[in-house]
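Here's the structure, in structure tokens; my notes come after.
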Amino acid sequence: MVNNESGVNLAILGATGNVGRKFLEVLEEKNFPIKNLKLLASKKSAGTKVKFKEKEYTVELATKDSFNGIDLVLASAGGTISKELVPHAVKSGAVVVDNSSAYRMDPDVPLVVAGVNNHDLKKHKGIIANPNCTTAQLMPPLKVLQDLAGLKRVIVSTYQSVSGAGKAAMDELTEQSKNILQGKDVACNVSTNRKFAFNVIPHIDVFSDDGYTKEEIKVINESRKILGLPNLKITCTAVRVPVYIGHSESVNVEFEKQISRDDIVRALRAMPLIEIIDDPSSEKYPMAIDIAGTDPVYVGRIREDKSNPNTFNLWIVADNLRIGAALNAVRIAEVLLKESLLLSKKN
Ligand SMILES: NC(=O)c1ccc[n+]([C@@H]2O[C@H](COP(=O)([O-])OP(=O)(O)OC[C@H]3O[C@@H](n4cnc5c(N)ncnc54)[C@H](OP(=O)(O)O)[C@@H]3O)[C@@H](O)[C@H]2O)c1
């Protein structure tokens, strides 16, 4: 039986990436009980050394045989690798918290934001999906507001940092910025023909036939699944901005019932995952640059939308690499451990 005392045999799939490195940071901060740690990546990083809690680990090449003896896998190596390797991990008895989009909409896979829909974890059959970072930070406030007065319609406009596109995108923003300021030619490898630097790009992930991008569709479908509201009226425009870390979202919420700003503030304040920064008189509101590296979902600019009854605007900001990926995955792992849901087939 895996428990707090014995510790967990843990593998991190994609350990050298943006999210993988955050996993290690969050696991160390939270002193997550680890018995053995295995770091997995592609051929490119296999053999490199990574430090965790003063100990050096050698990154190994991820294969279908990497999961023997593993209780828990935190996966963040992208959808293709998850589709290929996660079934092998489950077969060998591990529970997988997967950060890719591979299993999010699978009806047999719970899609969970810790603290919002923990009850869904009990239904897991070996895989738990972590939502898209944009959805993850939207869920704590929307869950509070749904419980408070019912969501009638939600309009989301995002301002997403480049770290959401991986480490290479962050490096590309730096290179592009330097080159533009020096009047040099600019390469667009990750950003394919659209510069991240000094730009605002209304295009994240690929376009589907209806004109929406896959990122926008993820926000719509994942929100409905997590909130258990399959018919929720929700729309999204997802935009990339030249910010390293921290996604911002302008959210317009129409409620079923009449509600005041005070009701909203009181309810949001009572939710442990949320912190309110909202004081126009002293020009205080959440900004990505200030909150990177921190855990809460920040809400500010809470104000009535005077163009429509029972409608309010909110500005929601969070560190996409933490709540949107590593922090949520580790919080899920903590609940699995606490509620004895980390049941390996070996036990
Ligand atoms: N960034 C976010 O805000 C965010 C939020 C939620 C979810 N996610 C999801 O998490 C995943 C990773 O994102 P990221 O930002 O960390 O990307 P990243 O920085 O590009 O890292 C990718 C990781 O996957 C590994 N990898 C690549 N190909 C592999 C292979 N064939 N076999 C084994 N490992 C392989 C890489 O190892 P090498 O070093 O060997 O290349 C690296 O460790 C994506 O699915 C993304 O959608 C990201």
Side-chain angles (χ1 to χ4, degrees), residues 11-26 38-50 57-67 73-86 88-89 96-104 111-114 127-139 158-173 189-191 204-206 213-215 218-219 222 226 238 240-241 243-249 288 292-293 317-332:
I12 300 187
L13 176 58
T16 50
N18 259 345
V19 178
R21 286 176 296 125
K22 279 284 165 204
F23 277 143
L24 293 171
E25 208 178 294
V26 177
K38 204 173 207 182
L39 303 183
L40 303 168
S42 79
K43 256 196 316 220
K44 195 183 106 197
S45 297
T48 58
K49 309 274 184 202
V50 171
Y57 292 82
T58 304
V59 176
E60 297 173 39
L61 174 66
T63 71
K64 61 183 175 46
D65 301 319
S66 298
F67 308 100
V73 180
L74 300 178
S76 66
T80 311
I81 306 304
S82 280
K83 278 200 179 126
E84 187 188 323
L85 294 181
V86 165
H88 293 287
V96 181
V97 181
D98 184 42
N99 274 268
S100 78
S101 57
Y103 300 98
R104 287 179 191 151
L111 178 65
V112 174
V113 175
I127 308 174
I128 292 135
N130 205 3
N132 175 272
C133 40
T134 320
T135 314
Q137 70 183 67
L138 183 63
M139 290 302 96
T158 75
Y159 304 72
Q160 298 180 221
S161 65
V162 293
S163 56
K167 188 174 173 298
M170 297 172 79
D171 295 341
E172 186 156 295
L173 172 60
N189 298 317
V190 184
S191 55
I204 301 177
D205 210 328
V206 296
T213 62
K214 261 174 97 177
E215 183 81 357
K218 282 182 219 165
V219 171
E222 293 176 18
I226 294 166
R240 185 77 70 202
V241 293
V243 167
Y244 284 115
I245 295 174
H247 288 356
S248 307
E249 299 172 359
V317 186
D319 182 328
N320 52 296
L321 297 179
R322 292 180 72 89
I323 178 95
L327 177 65
N328 190 46
V330 176
R331 280 175 174 161
I332 289 171

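All residue numbers in this chain count up from 1 along the given sequence. Just so you know, these numbers come straight off a predicted model, no measurement behind them. We count ligands from 1, going down the list as the structure has it; atoms in each ligand are counted the same way.
- Every side chain to side chain contact (heavy atoms under 4.5 Å, CB included) that V59 has, sequence neighbours left out, goes to T16, L39, A41, S45, T48, V50.
- Counting only heavy atoms from C-beta outward, the side chains of T158 and H247 never approach each other to under 4.5 Å.
- A114 is linked by a side chain to side chain contact (heavy atoms under 4.5 Å, CB included) to N118, N328, R331, I332, counting only residues two or more places apart in sequence or in another chain.
- Residue pairs satisfying the salt bridge (charged side-chain N to carboxylate O under 4.0 Å, His left out) criterion with at least one member in residues 76-85, sequence neighbours excluded, are absent.
- Side chain of E172 to main chain of N189: a donor-acceptor pair is present (N/O by atom type, distance under 3.5 Å, no hydrogens or angles).
- Using a 4.0 Å cut-off between a side-chain N of Lys or Arg and a carboxylate O of Asp or Glu, D319 and K22 do not qualify as a salt bridge.
- Within 4.0 Å of ligand 1, counting heavy atoms only, the contacting residues are G14, A15, T16, G17, N18, V19, A41, S42, K44, S45, A62, S76, A77, G78, I81, N99, S100, C133, S163, G164, G166, K167, N320, L321, G324, A325.
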